[in-house]
Amino acid sequence: MKGFDSVFQGRSVLACKDFTPAELSYMINFGLHLKDLKKNRIPHEYLKGLNIALLFEKTSTRTRSSFVVASHDLGAHPEYMDSTGTQFGKKESVEDTAKVLGSMFDGIEFRGFKQSTAEGLAKFSGVPVWNGLTDEWHPTQMLADFMTMKEKFGHLKGLTLAFVGDGRNNMANSLIVAGSMLGVNVHIVAPDELHTSQDVVDIAKDFAKVSGAKPMVTSNVAEGVKGANVIYTDVWVSMGESNWEERVKLLTPYRVTMDMMEMTGTPGDELIFMHCLPAFHDTNTTYGQEIHEKYGLTEMEVTDEVFRSKYAWQFIEAENRMHSIKAMMAVTLGNLYIPAGAVESALEK
Ligand code: CP
Ligand code: NVA
(Lines give C-alpha, C1' and ligand atoms only; values in the text may rest on other atoms or scores of the structure.)
(Ligands and ions follow the chains in the order given, each with its own letter.)
Protein backbone atom coordinates (compact mmCIF):
# COMPACT_ATOMS: atom_id res chain seq x y z
CA MET A 1 0.00 0.00 0.00
CA LYS A 2 1.32 3.41 -0.85
CA GLY A 3 2.00 5.44 2.25
CA PHE A 4 0.75 8.94 2.92
CA ASP A 5 3.30 11.64 2.32
CA SER A 6 4.30 13.10 5.63
CA VAL A 7 7.06 15.49 6.62
CA PHE A 8 8.27 12.83 9.06
CA GLN A 9 8.08 9.60 7.06
CA GLY A 10 11.45 7.87 6.75
CA ARG A 11 13.37 10.51 8.70
CA SER A 12 15.95 9.81 11.37
CA VAL A 13 15.91 11.58 14.74
CA LEU A 14 19.55 12.34 15.52
CA ALA A 15 19.19 15.74 17.22
CA CYS A 16 16.26 18.11 17.86
CA LYS A 17 17.91 20.88 15.83
CA ASP A 18 17.36 18.84 12.65
CA PHE A 19 13.60 19.40 12.99
CA THR A 20 11.56 22.58 12.85
CA PRO A 21 10.09 23.82 16.14
CA ALA A 22 6.62 22.94 14.79
CA GLU A 23 7.71 19.38 13.96
CA LEU A 24 9.20 18.97 17.45
CA SER A 25 6.02 20.31 18.96
CA TYR A 26 3.91 17.93 16.86
CA MET A 27 5.84 14.90 18.15
CA ILE A 28 5.44 16.11 21.75
CA ASN A 29 1.68 16.55 21.30
CA PHE A 30 1.43 13.16 19.64
CA GLY A 31 3.15 11.62 22.66
CA LEU A 32 0.43 13.08 24.90
CA HIS A 33 -2.20 11.65 22.54
CA LEU A 34 -0.64 8.17 22.60
CA LYS A 35 -0.42 8.31 26.40
CA ASP A 36 -4.15 8.93 26.44
CA LEU A 37 -4.77 6.03 24.06
CA LYS A 38 -2.65 3.68 26.17
CA LYS A 39 -4.37 4.69 29.43
CA ASN A 40 -7.72 3.99 27.76
CA ARG A 41 -6.47 0.73 26.27
CA ILE A 42 -7.15 1.85 22.73
CA PRO A 43 -4.90 -0.11 20.32
CA HIS A 44 -2.48 1.85 18.16
CA GLU A 45 -0.53 -0.67 16.10
CA TYR A 46 0.95 1.75 13.59
CA LEU A 47 4.05 -0.41 13.03
CA LYS A 48 2.40 -3.81 12.80
CA GLY A 49 4.80 -6.51 11.60
CA LEU A 50 7.89 -4.27 11.44
CA ASN A 51 11.24 -5.11 13.04
CA ILE A 52 13.25 -2.71 15.16
CA ALA A 53 16.96 -3.01 16.06
CA LEU A 54 18.05 -1.61 19.42
CA LEU A 55 21.82 -1.11 19.36
CA PHE A 56 23.44 -0.11 22.65
CA GLU A 57 27.11 0.78 23.28
CA LYS A 58 26.18 2.27 26.66
CA THR A 59 23.88 0.90 29.37
CA SER A 60 20.24 1.94 29.81
CA THR A 61 17.09 1.24 31.79
CA ARG A 62 14.54 3.80 30.58
CA THR A 63 15.53 4.16 26.93
CA ARG A 64 15.81 0.43 26.39
CA SER A 65 12.52 -0.31 28.18
CA SER A 66 10.77 2.50 26.32
CA PHE A 67 11.82 1.26 22.89
CA VAL A 68 10.88 -2.32 23.79
CA VAL A 69 7.43 -1.50 25.20
CA ALA A 70 6.71 1.12 22.54
CA SER A 71 7.63 -1.36 19.78
CA HIS A 72 5.29 -3.99 21.22
CA ASP A 73 2.45 -1.49 21.64
CA LEU A 74 2.93 -0.43 18.02
CA GLY A 75 2.80 -4.04 16.84
CA ALA A 76 6.52 -4.21 15.97
CA HIS A 77 9.25 -6.63 17.10
CA PRO A 78 12.25 -5.13 18.94
CA GLU A 79 15.64 -6.86 19.10
CA TYR A 80 18.18 -5.71 21.70
CA MET A 81 21.88 -5.85 20.78
CA ASP A 82 24.85 -4.58 22.72
CA SER A 83 28.47 -4.16 21.77
CA THR A 84 29.59 -7.32 23.60
CA GLY A 85 27.14 -9.58 21.77
CA THR A 86 27.62 -8.24 18.22
CA GLN A 87 30.51 -7.60 15.82
CA PHE A 88 29.72 -3.88 15.94
CA GLY A 89 32.74 -1.66 16.54
CA LYS A 90 35.34 -4.37 17.12
CA LYS A 91 35.13 -6.42 13.92
CA GLU A 92 32.69 -4.47 11.79
CA SER A 93 32.54 -0.82 10.79
CA VAL A 94 29.58 1.52 11.24
CA GLU A 95 28.97 1.50 7.48
CA ASP A 96 28.92 -2.31 7.14
CA THR A 97 26.82 -2.75 10.28
CA ALA A 98 24.35 -0.14 9.00
CA LYS A 99 24.00 -1.94 5.66
CA VAL A 100 23.34 -5.28 7.34
CA LEU A 101 20.87 -3.96 9.93
CA GLY A 102 19.12 -1.82 7.34
CA SER A 103 18.54 -4.85 5.15
CA MET A 104 16.71 -6.71 7.92
CA PHE A 105 15.22 -4.09 10.20
CA ASP A 106 12.77 -1.28 9.48
CA GLY A 107 14.22 1.11 12.07
CA ILE A 108 17.31 1.32 14.29
CA GLU A 109 17.72 2.81 17.75
CA PHE A 110 21.32 3.66 18.62
CA ARG A 111 22.78 4.63 22.00
CA GLY A 112 26.49 5.22 22.21
CA PHE A 113 29.43 7.55 22.38
CA LYS A 114 29.91 9.44 19.13
CA GLN A 115 27.24 11.44 17.34
CA SER A 116 29.08 10.54 14.11
CA THR A 117 28.19 6.87 14.69
CA ALA A 118 24.48 7.70 14.80
CA GLU A 119 24.95 9.81 11.66
CA GLY A 120 26.81 6.97 9.92
CA LEU A 121 24.09 4.47 10.76
CA ALA A 122 21.49 6.86 9.34
CA LYS A 123 23.54 7.50 6.21
CA PHE A 124 24.20 3.86 5.32
CA SER A 125 21.22 1.88 6.66
CA GLY A 126 18.46 3.38 4.52
CA VAL A 127 16.01 3.23 7.46
CA PRO A 128 15.16 5.73 10.22
CA VAL A 129 17.77 5.86 12.99
CA TRP A 130 16.72 7.15 16.40
CA ASN A 131 19.40 8.56 18.68
CA GLY A 132 18.87 7.06 22.13
CA LEU A 133 21.74 9.22 23.54
CA THR A 134 25.24 10.12 22.45
CA ASP A 135 27.94 12.17 24.19
CA GLU A 136 26.49 15.22 22.43
CA TRP A 137 22.68 14.96 22.29
CA HIS A 138 19.74 13.13 23.90
CA PRO A 139 16.78 13.99 21.63
CA THR A 140 14.32 11.34 22.80
CA GLN A 141 14.77 12.66 26.35
CA MET A 142 13.72 16.09 25.06
CA LEU A 143 10.46 14.73 23.67
CA ALA A 144 9.63 13.27 27.09
CA ASP A 145 10.79 16.30 29.05
CA PHE A 146 8.80 18.90 27.15
CA MET A 147 5.84 16.51 27.00
CA THR A 148 6.03 16.28 30.81
CA MET A 149 6.12 20.06 31.16
CA LYS A 150 3.16 20.39 28.82
CA GLU A 151 1.29 17.78 30.86
CA LYS A 152 1.95 19.72 34.06
CA PHE A 153 1.57 23.32 32.88
CA GLY A 154 -0.72 22.94 29.84
CA HIS A 155 1.66 24.99 27.67
CA LEU A 156 5.38 25.53 27.08
CA LYS A 157 5.93 29.05 25.77
CA GLY A 158 7.14 31.42 28.47
CA LEU A 159 8.09 28.74 31.01
CA THR A 160 11.56 28.87 32.57
CA LEU A 161 13.68 25.76 33.14
CA ALA A 162 16.93 25.94 35.12
CA PHE A 163 19.33 23.07 34.45
CA VAL A 164 21.77 22.96 37.36
CA GLY A 165 24.87 20.79 36.91
CA ASP A 166 27.31 19.85 34.16
CA GLY A 167 26.56 22.48 31.52
CA ARG A 168 28.66 20.71 28.90
CA ASN A 169 26.87 17.38 28.85
CA ASN A 170 24.31 15.91 26.44
CA MET A 171 21.40 16.98 28.64
CA ALA A 172 22.46 20.62 28.96
CA ASN A 173 23.12 20.79 25.20
CA SER A 174 19.77 19.25 24.36
CA LEU A 175 17.73 21.28 26.85
CA ILE A 176 19.08 24.69 25.85
CA VAL A 177 18.51 23.98 22.15
CA ALA A 178 15.11 22.25 22.39
CA GLY A 179 13.88 24.81 24.94
CA SER A 180 14.90 27.67 22.66
CA MET A 181 13.03 26.04 19.78
CA LEU A 182 9.86 25.79 21.86
CA GLY A 183 9.89 29.19 23.56
CA VAL A 184 11.09 27.89 26.96
CA ASN A 185 13.72 30.02 28.72
CA VAL A 186 16.49 27.54 29.57
CA HIS A 187 19.05 28.69 32.12
CA ILE A 188 22.18 26.56 32.34
CA VAL A 189 23.51 27.02 35.87
CA ALA A 190 27.03 25.62 36.10
CA PRO A 191 30.52 26.55 37.32
CA ASP A 192 32.67 28.47 34.80
CA GLU A 193 34.69 25.33 33.98
CA LEU A 194 31.51 23.52 32.85
CA HIS A 195 29.77 26.17 30.81
CA THR A 196 27.97 25.08 27.65
CA SER A 197 30.10 25.41 24.50
CA GLN A 198 29.64 28.51 22.36
CA ASP A 199 28.65 26.38 19.35
CA VAL A 200 25.66 24.99 21.21
CA VAL A 201 24.69 28.36 22.69
CA ASP A 202 24.78 29.84 19.19
CA ILE A 203 22.37 27.17 17.88
CA ALA A 204 20.05 27.91 20.80
CA LYS A 205 20.26 31.68 20.24
CA ASP A 206 19.32 31.32 16.58
CA PHE A 207 16.16 29.42 17.51
CA ALA A 208 15.45 31.85 20.36
CA LYS A 209 15.39 34.79 17.94
CA VAL A 210 12.29 33.23 16.38
CA SER A 211 10.61 31.72 19.48
CA GLY A 212 11.28 34.63 21.82
CA ALA A 213 12.95 32.38 24.42
CA LYS A 214 15.74 33.82 26.55
CA PRO A 215 18.48 31.21 26.98
CA MET A 216 21.17 31.97 29.56
CA VAL A 217 24.37 30.36 30.86
CA THR A 218 25.48 31.48 34.31
CA SER A 219 27.54 30.31 37.26
CA ASN A 220 25.40 32.33 39.66
CA VAL A 221 22.84 30.01 41.27
CA ALA A 222 20.57 32.78 42.57
CA GLU A 223 20.42 34.46 39.16
CA GLY A 224 20.00 31.17 37.29
CA VAL A 225 17.14 29.66 39.31
CA LYS A 226 15.17 32.89 39.79
CA GLY A 227 11.65 32.55 38.42
CA ALA A 228 12.14 28.93 37.34
CA ASN A 229 9.15 26.64 36.83
CA VAL A 230 11.41 23.61 36.51
CA ILE A 231 14.58 22.85 38.41
CA TYR A 232 16.34 20.17 36.41
CA THR A 233 19.53 18.27 37.14
CA ASP A 234 21.52 15.28 35.89
CA VAL A 235 24.42 13.13 37.11
CA TRP A 236 27.70 14.97 37.66
CA VAL A 237 29.70 12.38 35.71
CA SER A 238 28.15 11.09 32.48
CA MET A 239 28.57 7.66 30.94
CA GLY A 240 32.03 7.37 29.40
CA GLU A 241 33.59 9.80 31.93
CA SER A 242 35.32 9.01 35.24
CA ASN A 243 36.45 12.37 36.66
CA TRP A 244 34.57 12.10 39.96
CA GLU A 245 37.04 14.07 42.06
CA GLU A 246 36.92 17.14 39.80
CA ARG A 247 33.13 17.02 39.50
CA VAL A 248 32.51 16.55 43.22
CA LYS A 249 34.62 19.63 43.86
CA LEU A 250 33.03 21.75 41.12
CA LEU A 251 29.42 20.68 41.45
CA THR A 252 28.76 20.23 45.18
CA PRO A 253 27.75 23.93 45.43
CA TYR A 254 25.26 23.26 42.62
CA ARG A 255 23.40 20.39 44.33
CA VAL A 256 19.62 20.79 44.14
CA THR A 257 18.34 21.36 47.68
CA MET A 258 15.10 22.60 49.22
CA ASP A 259 16.83 25.96 49.70
CA MET A 260 17.46 26.10 45.96
CA MET A 261 13.82 25.26 45.22
CA GLU A 262 12.82 28.16 47.48
CA MET A 263 15.36 30.49 45.85
CA THR A 264 13.29 30.35 42.66
CA GLY A 265 10.64 32.49 44.34
CA THR A 266 8.09 30.53 42.28
CA PRO A 267 4.80 29.55 43.98
CA GLY A 268 4.77 25.83 44.90
CA ASP A 269 2.10 24.80 42.40
CA GLU A 270 4.02 26.39 39.53
CA LEU A 271 7.33 24.68 40.29
CA ILE A 272 8.50 21.11 39.67
CA PHE A 273 11.73 19.13 39.93
CA MET A 274 12.87 17.01 36.98
CA HIS A 275 15.77 14.63 36.37
CA CYS A 276 16.41 12.41 33.34
CA LEU A 277 17.53 9.64 35.76
CA PRO A 278 19.31 7.60 36.99
CA ALA A 279 19.93 9.86 40.03
CA PHE A 280 22.32 9.82 42.97
CA HIS A 281 20.02 11.01 45.75
CA ASP A 282 21.13 8.48 48.38
CA THR A 283 23.78 5.78 48.91
CA ASN A 284 21.67 2.86 47.67
CA THR A 285 23.84 2.29 44.59
CA THR A 286 27.37 0.99 44.08
CA TYR A 287 28.60 4.40 42.88
CA GLY A 288 26.68 6.11 45.69
CA GLN A 289 28.52 3.97 48.25
CA GLU A 290 31.91 4.50 46.64
CA ILE A 291 31.44 8.28 46.59
CA HIS A 292 30.31 8.18 50.21
CA GLU A 293 33.42 6.26 51.23
CA LYS A 294 35.78 8.47 49.20
CA TYR A 295 34.30 11.96 49.61
CA GLY A 296 31.85 11.62 52.52
CA LEU A 297 28.82 12.60 50.40
CA THR A 298 25.49 10.83 50.99
CA GLU A 299 23.77 12.65 48.11
CA MET A 300 25.14 14.14 44.91
CA GLU A 301 23.24 16.22 42.36
CA VAL A 302 19.97 16.31 44.35
CA THR A 303 19.05 15.78 47.98
CA ASP A 304 16.85 12.87 48.92
CA GLU A 305 14.45 15.43 50.39
CA VAL A 306 13.85 17.17 47.04
CA PHE A 307 13.77 13.83 45.19
CA ARG A 308 10.90 12.65 47.39
CA SER A 309 9.19 16.02 47.75
CA LYS A 310 5.92 17.37 46.38
CA TYR A 311 7.95 18.91 43.53
CA ALA A 312 9.14 15.54 42.20
CA TRP A 313 8.06 14.84 38.61
CA GLN A 314 10.98 12.63 37.60
CA PHE A 315 9.02 9.39 37.54
CA ILE A 316 6.20 10.82 35.41
CA GLU A 317 8.98 12.10 33.16
CA ALA A 318 10.48 8.57 33.05
CA GLU A 319 7.13 7.04 32.07
CA ASN A 320 6.75 9.68 29.37
CA ARG A 321 9.94 8.41 27.72
CA MET A 322 7.89 5.45 26.52
CA HIS A 323 4.91 7.44 25.21
CA SER A 324 7.08 10.00 23.43
CA ILE A 325 9.48 7.45 21.92
CA LYS A 326 6.41 5.64 20.65
CA ALA A 327 5.17 8.87 19.07
CA MET A 328 8.53 9.46 17.40
CA MET A 329 8.70 5.90 16.03
CA ALA A 330 5.11 6.07 14.77
CA VAL A 331 5.48 9.38 12.92
CA THR A 332 8.80 8.50 11.29
CA LEU A 333 7.92 4.94 10.30
CA GLY A 334 4.16 4.47 10.50
CA ASN A 335 2.90 6.08 7.29
CA LEU A 336 0.57 8.13 9.48
CA TYR A 337 -2.05 10.32 7.93
CA ILE A 338 -1.22 13.80 9.16
CA PRO A 339 -3.76 16.36 7.88
CA ALA A 340 -2.42 19.38 5.97
CA GLY A 341 -1.44 22.18 8.32
CA ALA A 342 -1.47 19.97 11.44
CA VAL A 343 2.28 20.16 11.91
CA GLU A 344 2.51 23.93 11.39
CA SER A 345 -0.31 24.57 13.84
CA ALA A 346 1.28 22.35 16.53
CA LEU A 347 3.52 25.22 17.60
CA GLU A 348 2.12 27.45 20.33
CA LYS A 349 1.67 31.05 19.41
N1 CP B 1 17.26 8.97 31.03
C2 CP B 1 17.79 7.89 30.41
O3 CP B 1 18.21 7.97 29.26
O4 CP B 1 17.79 6.77 31.16
P5 CP B 1 18.53 5.41 30.79
O6 CP B 1 20.01 5.71 30.80
O7 CP B 1 18.13 4.45 31.87
O8 CP B 1 18.08 4.99 29.44
N1 NVA C 1 24.32 12.88 31.05
C2 NVA C 1 23.91 11.52 31.34
C3 NVA C 1 22.50 11.32 30.88
C4 NVA C 1 21.93 9.98 31.25
C5 NVA C 1 20.51 9.82 30.78
C6 NVA C 1 24.85 10.54 30.68
O7 NVA C 1 25.17 10.74 29.51
O8 NVA C 1 25.26 9.59 31.34
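Remember, it's a predicted structure, so these values are computed and weren't measured experimentally. Whatever order the structure lists them in is the order used to number ligands and atoms, beginning at 1.
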Contacting atoms of ligand 2, where contact means under 4.0 angstrom from a heavy atom of [X]:
{"X": "Ser238", "result": "1 (N), 2 (C), 6 (C), 7 (O), 8 (O)"}
{"X": "Asp234", "result": "1 (N), 2 (C), 3 (C)"}
{"X": "Met239", "result": "6 (C), 7 (O), 8 (O)"}

If we only count N/O pairs under 3.5 Å, is Cys276 in contact with ligand 1? yes
Distance-only N or O hit between ligand 1 and His138, under 3.5 Å: yes
Tell me whether Leu277 reaches ligand 2 (any heavy atom closer than 4.0 angstrom to a ligand atom). yes
If you draw a 6.0 Å radius around NZ in Lys214, do more than 12 non-hydrogen atoms from other residues or ligands fall strictly inside? no
Check this for me: Lys205, atom NZ, are more than 12 non-hydrogen atoms of other residues, nucleotides or ligands nearer than 6.0 Å? no
Quick one: does ligand 2 sit under 4.0 Å from the side chain of Asn170, the backbone, both or neither, non-hydrogen atoms only? side chain
Can a salt bridge be assigned to the pair [X] and [Y] using a cut-off of 4.0 Å between side-chain N and carboxylate O?
{"X": "Arg62", "Y": "Glu319", "value": "no"}
{"X": "Lys91", "Y": "Asp96", "value": "no"}
{"X": "Lys249", "Y": "Glu245", "value": "no"}
{"X": "Glu348", "Y": "Lys150", "value": "yes"}

Atom 4 (C) of ligand 2: nearest protein contact (heavy atom, Å): Leu133 CD1, 3.9 Å
Which residue and atom name correspond to the protein heavy atom nearest atom 4 (O) of ligand 1, and how close is it? Arg62 NE, 2.9 Å
How does Leu277 reach ligand 1, by side chain, by backbone, by both or by neither, if only non-hydrogen atoms under 4.0 Å count? backbone
Between His44 (side chain) and Ile42 (backbone), is there a donor-acceptor pair under 3.5 Å? yes
Numbered atoms and elements of ligand 1 in range of Thr61, under 4.0 angstrom, heavy atoms: 5 (P), 7 (O), 8 (O)
Considering only heavy atoms, which of Gln141, Arg111, Arg321 lies nearest to atom 6 (O) of ligand 1? Arg111
In terms of hydrophobic clusters joined by side-chain contacts under 4.5 Å, are Met322 and Leu34 together? no
